[in-house]
Protein chains: 2
Amino acid sequence: MIQLNNKTYTCPVDVTLGFIGGKWKLLILSHLHQFDRKSYSEIRDNLPGISEKMLSQQLKELERDQLVEKKILALKPYRVEYFLSVQGKSLSPLYAFVSEWGIKYLKEQGIDYLKDQHLYK
Amino acid sequence: MIQLNNKTYTCPVDVTLGFIGGKWKLLILSHLHQFDRKSYSEIRDNLPGISEKMLSQQLKELERDQLVEKKILALKPYRVEYFLSVQGKSLSPLYAFVSEWGIKYLKEQGIDYLKDQHLYK
DNA sequence: CAGCATCCTCTAGGATACTG
DNA sequence: CAGTATCCTAGAGGATGCTG
């Protein structure tokens, strides 16, 4: 067992899951990976089903864990943008692989995501 | 939105997460990746904290999703072994990356997992 | 040994309304 | 626009005991 920051992990995989585990983290991260910089409402609108509570909560945790950074663009009207930090970008191969794997799986099921992407908005 | 098997997915990442999401799946899969073939009790003992209910439930789902296969070795005494299917092995780069990332993160925190692995049993 | 069946807990996550 | 504050619930996950 690995002790770190008052938490216990069973193995390195468990450690990584501590950062990206849960229902939304990987979806948020891979969206930022795909679209570079996004406002709060852009992320929300690109993740159908997420509640505002979950979005702000997960973003806050991702900031705390230094995977995501926030930049305040303007105070009135209040505008921000979120983007992957260096640490967050170090997981880029993961976002890419998980997305590719999904696309490949869909293709095996007869769904051409890349071709029909406009249909899935 | 992508429709597949009566479920709705927001993007390919979401599709992949349908297979490996949750608290235990990736841990089970990466263990089988690391150790090739394992009996039920070996997996259980290598995943501290997992309940038997969770283990058998997750294994069953992984079998259903064709990421894991089970081979019955003997009937009395009943002996089985679990191992990654071809589909399960297609996620190997993921297991490797997630583990490597965790090891690298630990090293940045001053923990040399590979060197001190014997301490974490 | 490999696992169900039960029952239970708890918290991740959701709905809604409100604020700077 | 970008969030917070409350309140609430489903279901993921846990504990225990039993079976072929």
Side-chain angles (χ1 to χ4, degrees), chain A residues 1 6-10 13-14 17-29 31-32 35 37-65 67-83, chain B residues 1 6-10 13-14 17-29 31-32 35-65 68-83:
Chain A
M1 306 293 270
N6 295 323
K7 287 192 174 180
T8 301
Y9 302 93
T10 63
V13 171
D14 202 16
L17 287 178
F19 288 96
I20 62 171
K23 190 174 173 181
W24 295 109
K25 293 243 173 88
L26 207 49
L27 288 169
I28 294 171
L29 289 168
H31 256 86
L32 291 176
F35 295 111
R37 285 157 180 272
K38 289 292 223 177
S39 69
Y40 178 88
S41 50
E42 283 174 324
I43 301 175
R44 183 193 59 208
D45 297 343
N46 273 313
L47 295 178
I50 197 170
S51 66
E52 305 224 308
K53 177 196 169 191
M54 272 300 111
L55 180 55
S56 63
Q57 184 177 301
Q58 301 299 302
L59 282 170
K60 196 168 285 184
E61 289 181 19
L62 289 169
E63 281 187 82
R64 180 203 63 196
D65 293 339
L67 295 180
V68 161
E69 287 176 34
K70 171 167 71 172
K71 184 175 182 180
I72 298 175
L73 298 177
L75 287 176
K76 41 184 180 159
Y78 193 51
R79 286 277 303 163
V80 300
E81 66 182 10
Y82 290 92
F83 54 97
Chain B
M1 304 293 270
N6 295 323
K7 287 193 174 178
T8 301
Y9 301 94
T10 63
V13 171
D14 201 17
L17 286 179
F19 288 96
I20 61 171
K23 190 175 174 180
W24 296 109
K25 293 245 173 84
L26 207 48
L27 288 169
I28 295 172
L29 290 168
H31 257 85
L32 290 176
F35 294 112
D36 200 22
R37 287 159 179 270
K38 287 294 223 177
S39 70
Y40 178 87
S41 49
E42 283 174 325
I43 301 174
R44 184 193 58 208
D45 297 343
N46 274 313
L47 295 179
I50 195 169
S51 68
E52 305 225 309
K53 177 195 169 191
M54 273 299 112
L55 179 55
S56 62
Q57 187 178 301
Q58 300 299 302
L59 281 170
K60 195 168 285 181
E61 291 181 21
L62 289 169
E63 281 186 82
R64 179 203 65 197
D65 293 340
V68 161
E69 289 176 33
K70 171 166 72 171
K71 184 175 182 182
I72 298 176
L73 298 177
L75 288 176
K76 41 178 181 165
Y78 193 51
R79 287 277 303 162
V80 301
E81 65 180 12
Y82 291 93
F83 54 97

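- Not a single salt bridge (charged side-chain N to carboxylate O under 4.0 Å, His left out) links R79(A) to another residue, sequence neighbours left out.
- With rounding to the nearest 0.5 angstrom, the CG atom of D14(B) is 7.5 Å from the CH2 atom of W24(A).
- When the P atom of dG3(D) is taken as reference, atom CE of M54(A) falls 15 Å away, rounded to whole Å.
- The CD-C1' distance, from E61(B) to dG13(D), rounds to 12 Å in whole Å.
- At the heavy-atom level, K76(B) lies nowhere under 4.0 Å from the strands shown.
- Note: NZ (K38(A)) to C1' (dC1(D)) measures 15 Å, nearest angstrom.
- Atom P of nucleotide dA10(D) and atom NZ of K23(A) are separated by 14 Å, given to the nearest angstrom.
- The CG-P distance, from L55(A) to dC1(D), rounds to 13 Å in whole Å.
- Rounded to an integer number of Å, the gap from W24(A) CH2 to dG13(C) P is 9 Å.
- Partners of K25(A) according to the salt bridge (charged side-chain N to carboxylate O under 4.0 Å, His left out) rule, which considers only residues two or more places apart in sequence or in another chain, are E61(A).
- With sequence neighbours left out, the side chain to side chain contact (heavy atoms under 4.5 Å, CB included) criterion links K60(A) to no other residue.
- Q58(B) has its CD atom 6 Å from the P atom of dG13(D), to the nearest Å.
- Applying the salt bridge (charged side-chain N to carboxylate O under 4.0 Å, His left out) rule to E81(B) yields the partners R37(B); only residues at least two apart in sequence or on another chain are considered.
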*Protein proximity profile, nucleotides 2-11 of chain C - base contact B, sugar-phosphate-only contact S, no contact -, cut-off 4.0 Å on heavy atoms*: SBB-BB----
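- Residues meeting the side chain to side chain contact (heavy atoms under 4.5 Å, CB included) test with T8(A), sequence neighbours left out: M1(A), Q3(A).
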